[in-house]
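Computed over heavy atoms, backbone and side chain alike; hydrogens, waters and symmetry mates excluded.
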Amino acid sequence: MEACNELHDLIQERQCVDRNSRPHREVAWRVLDCIDSSEIPAFARDQRTGEVAAALKEILDRVELPPWEQIPDAAEIQAAGGYEEFSRWRIPDTRITIERVEEGPQKHEYLFSSGTVQRAIGYFQEIDHRPYRTDGPPTSPDFYKWYLSAPGSPLLGSLVQRLPEWMRFGRTLGLTNWKWPGVILLLIIAVSVMWVLYSLQISVTNRVSPQKRLQYFPTLIFPLAAVAVPPVFLAICERYLTIRSTPLYVISFASYVVTIVAAIVALFAASTRVAESIIASPKINTYGLNAQLIRISSKLVAILLSVVLLVTGGQYLGIPIATLLASAGIGGIALALGAQDTLKNLFATIALMADKPCRVGDRIRFEGYDGFVEDIGLRSTKLRLLDGHVVTIPNEQIAGQHVENISQREHIRRSAEIRIPLDTPREQVERAIAIIREKLDQHEGMDNEFPPRVFFDEFGDDAFRIRFIYWYSPAHFWDFKAFGEKLNLEIFAAYEAEGIQFSLPLRHSYWKQDARQGPLEIQLTERSTGDLITN
């Protein structure tokens, strides 16, 4: 009561709650040290405790206080059985209880109990109509009103003092009227600053390449600066505008929630920059699976840190850790049941990263699809088909099926056949084989471990068949096709010079029967001669 009286005198003298003043801070801590604030959420502890103290002082200034001899002292406590037996005492004719604290930093101190703290403001509002007592310790009239309305700096105090009474002490929605313009202006400024910071982050990041690390990493300053905006907004509201009561708890809670969300955004931004900076190393293929693994790992780390931040922040906001863990467990079960396919794809992605059957840029064949891998995500893989279409395939399917990776082949094998008419002399057949062997001897793209093979393969019904096989490396498809065209033209020219003819198989063009004409008519076309044979 003495400390509240001193604080009341200081506020009236300076027309403000000057927390920068050392005498003010010393007196304020003497007041707060009398309150058991263990049940108040950490984000609102100091503010709520101060309001409770002001309400208790207003109550004690209105009720009849007991004589000093009725207040238990150490001897009476011992006579009653000691501190363990005499752990609480209620002020007569009031609902105010003083209780011995058994846990926390104020252990074994007698403080206004947590129950009293919870009902103090409501209790004060019930007896606010009572007059102040005229005997006993000095009172501090309108202490609660001054606590709610006084600004937080001498400059503001001098300005507010000139305002009319309804602006200085009147309240709307629990907030003193003169504070509304300041809160709205600060809120507009805070929202605008955060919007500008995130806009700059997106704009600048899109223009800077991860390879330029000295320019890429500093872009992290924008989301980090955004994290600081809500605490600064709250500090100004609390210290200078001295927002109190329910409006302060709403502003504090919202500010901490926005801070947590902004911190999570900054975590993901930092993880992305770390991952892309590592991938920018010349030793890592930007489109390889190692790069994808680094990206996914960084995101998983960011998710883990975000969960830790949410649990810690939730506890600070007054949500019990047991409730958070239980909610996480129930939510995890619901999430697992509702997102089975997503979780399967996530584990399949991890399997793909470990096995590395393909990477971004590889051409693969899978379940009838043939195309190039454009992206390997957490849930699915995008495949650009040869006809230009994009197909999205769940990673679970790719991890559980056979994938043919065409890009990872060491060479391309070609097996072809040349047909020579049956009436070709043996010498020309031998020359035909020799020409192919000459053209393939030490050919372009030859791997010494895979020399070309040329041989007289078959006596066919319609031609002599010469088969040749060669391997082209490295496995660049269009280079392989260009060499195949060059080889074909060289063989063609050599055969033409030697007078060697090509033969094509006898092919039935169609079967025809007209019932009105009687006998079955069969028409055959021999493509080697172009003659029409009709029987």
Test log, rule salt bridge (Lys or Arg N to Asp or Glu O under 4.0 Å), inputs E374 and K382: CA-CA 5 Å; E374 282 202 342; K382 289 184 174 61; over 6 Å; no

Between Y123 and Q118: side-chain donor-acceptor atoms closer than 3.5 Å: no

Side-chain donor-acceptor contact under 3.5 Å, R273 with T205: yes

H129 NE2: over 12 foreign heavy atoms closer than 6.0 Å: yes

Results of side chain to side chain contact (heavy atoms under 4.5 Å, CB included) for D73 - residues two or more places apart only: A75, E76

Heavy-atom side-chain contact between L305 and I264 under 4.5 Å: no

Show me, pair by pair, the donor-acceptor contacts under 3.5 angstrom made by side chains of residues 183-195, not counting sequence neighbours?
{"unit_1": "S192", "atom_1": "OG", "unit_2": "I188", "atom_2": "O", "d": "2.7"}

Geometric class of the Y110/Y83 ring pair [parallel <30°, tilted 30-60°, perpendicular >60°]: tilted

Other residues, nucleotides, ligands: >12 heavy atoms within 6.0 Å of E2 CD: no

Y144 ring center within less than 6.0 Å of F124 ring center: yes

Neighbour count above 12 (heavy atom, 6.0 Å) for E103 CD: no

Pairing residues for S114 by the side chain to side chain donor-acceptor pair (under 3.5 Å) criterion, not counting sequence neighbours: none

Mutual orientation of the aromatic rings belonging to F169 and W146 [parallel < 30°, tilted 30-60°, perpendicular > 60°]: perpendicular

